Amino acid sequence: MARVFNFSAGPAVLPEEVLKTAAEEMLDYKGCGMSVMELSHRGKEFKGIIENAETDLRQIMQIPQNYKVLFLQGGASLQFAMVPLNLMKKSKKADYVHTGQWSKKAIAEAKRFGRVNIVASSEKDNFTYIPELYPETFSKDADYFYIVTNNTIYGTVYKKIPFTGNVPLVADMSSNILSEEIDVSKFALIFAGAQKNIGPAGVTIVIIREDLIGDLSPEVPALLSYKTHAETESMYNTPPCYAIYIAGLVFKWIKNKGGVKEICRINQQKAKILYDYIDNSKLFKSPVQPESRSIMNVPFVTGSESLDAKFIDEASKRGLKTLKGHRSVGGMRASIYNAMPVDGVRSLVDFMREFEKNNI
Ligand SMILES: *Cc1c(COP(=O)(O)O)cnc(C)c1O
């Protein structure tokens, strides 16, 4: 058996230790003679799984008591609609920062429910940076303020979280949750699809401050209301049990590694190895402005489409997989999420160095 280094943006690499535990427990989960997939979601074994997952997530993110943790379905994309549906209640206005494809989709959904004010955008420069924010342009009476903390496609990240005063701050953290320590209390709602830094696709984590959970108009389906999920501990209907189980193993893995602080130290080390090489390379360059660079998703280009294609092809033959960039940026993208070992990044840089020597 040969494991490759998988640089996919998502679904993405999972920790090998987690996959091994899942394999060991596949046929017989802790002596109950069934796999986790076959357990009743109302039974005591699964209850233990979901409760431990929540407890560990609360611990590694230091989530304050007045926040609910929800395990939902529908991906991050359903949150693009659930956020405005649940939170656009008073002024029916919201502020959005436009930093790429994911904010674009979120803005389009929000417009179904109310007025969207785009406070800043980096669209004219193909989203190669996080735009400067000017608080005087924020709407004082907005129902919330929305950001995408890490832009998976463009490889940008906020180095400073905007301060929005009394306006609740909502963040799509799908591609950088658990990659660095954050102060949850600065946010009113955080959501993340699992398939980047948490686990398999199928579960979406929502961390929501309790005062934002309220009644919606009667025609809103129960499943689209945060209140439904908060009141039923994410058990209104059958939750994505297996995805929650793997997410729980990942949270435990992070805990055992020394927590998010230690994971972040390793992430920074990995990112530095890659950016240092790119910045000194005569062949590869980063399209992202240095002050906005993500430590999770690292796009790079040669400037020649045919060389990019050759690189991706040869890298793949060396077991360095899924390096093709998103079509809107081109070139390559290395996603180096929590589960990507330092050795994976070293192997990539070794190969880039060799490729540069042979192709310049
Ligand atoms: C992947 C991603 C999404 C979309 O996630 P789905 O689970 O496929 O809906 C949204 N936002 C960001 C930042 C992402 O990286």
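Computed over heavy atoms, backbone and side chain alike; hydrogens, waters and symmetry mates excluded. Because the structure is a prediction, the values reported are computed rather than measured. Residues take their numbers from the sequence shown, with the count starting at 1. Read the numbers this way: they start at 1 and go in the same order the structure lists the ligands and their atoms.
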Open item on the list: Tell me which one of Met61, Gln65, Gln59 satisfies side chain to side chain contact (heavy atoms under 4.5 Å, CB included) with Ile63.
Closed with: Met61
Task: Which residues share a side chain to side chain donor-acceptor pair (under 3.5 Å) with Lys93, sequence neighbours left out - done: Asp141
Task: Centroid-centroid under 6.0 Å between Phe7 and Tyr337 rings - done: no
TODO: Just jot down the ring pair (Phe, Tyr, Trp, His ring centres under 6.0 Å) partners of His98, sequence neighbours excluded, or say none.
DONE: Phe127
Open item on the list: Check for me whether Lys20 meets the cation-pi criterion with Trp253, that is, NZ or CZ under 6.0 Å from the six-membered ring centre and within 45 degrees of the ring axis.
Closed with: no
Task: For Phe145, all residues meeting ring pair (Phe, Tyr, Trp, His ring centres under 6.0 Å), sequence neighbours excluded - done: Phe138
Which N or O atoms of ligand 1 sit under 3.5 Å from a protein N or O, and how far apart is each pair?
{"residue": "ligand 1", "atom": "7 (O)", "partner": "Ala76", "partner atom": "N", "Å": "3.1"}
{"residue": "ligand 1", "atom": "7 (O)", "partner": "Gln195", "partner atom": "NE2", "Å": "2.9"}
{"residue": "ligand 1", "atom": "8 (O)", "partner": "Gln195", "partner atom": "NE2", "Å": "3.4"}
{"residue": "ligand 1", "atom": "9 (O)", "partner": "Ala76", "partner atom": "N", "Å": "3.2"}
{"residue": "ligand 1", "atom": "9 (O)", "partner": "Ser77", "partner atom": "N", "Å": "2.8"}
{"residue": "ligand 1", "atom": "9 (O)", "partner": "Ser77", "partner atom": "OG", "Å": "2.6"}
{"residue": "ligand 1", "atom": "11 (N)", "partner": "Asp172", "partner atom": "OD2", "Å": "2.6"}
{"residue": "ligand 1", "atom": "15 (O)", "partner": "Thr152", "partner atom": "OG1", "Å": "2.4"}
{"residue": "ligand 1", "atom": "15 (O)", "partner": "Lys196", "partner atom": "NZ", "Å": "2.6"}

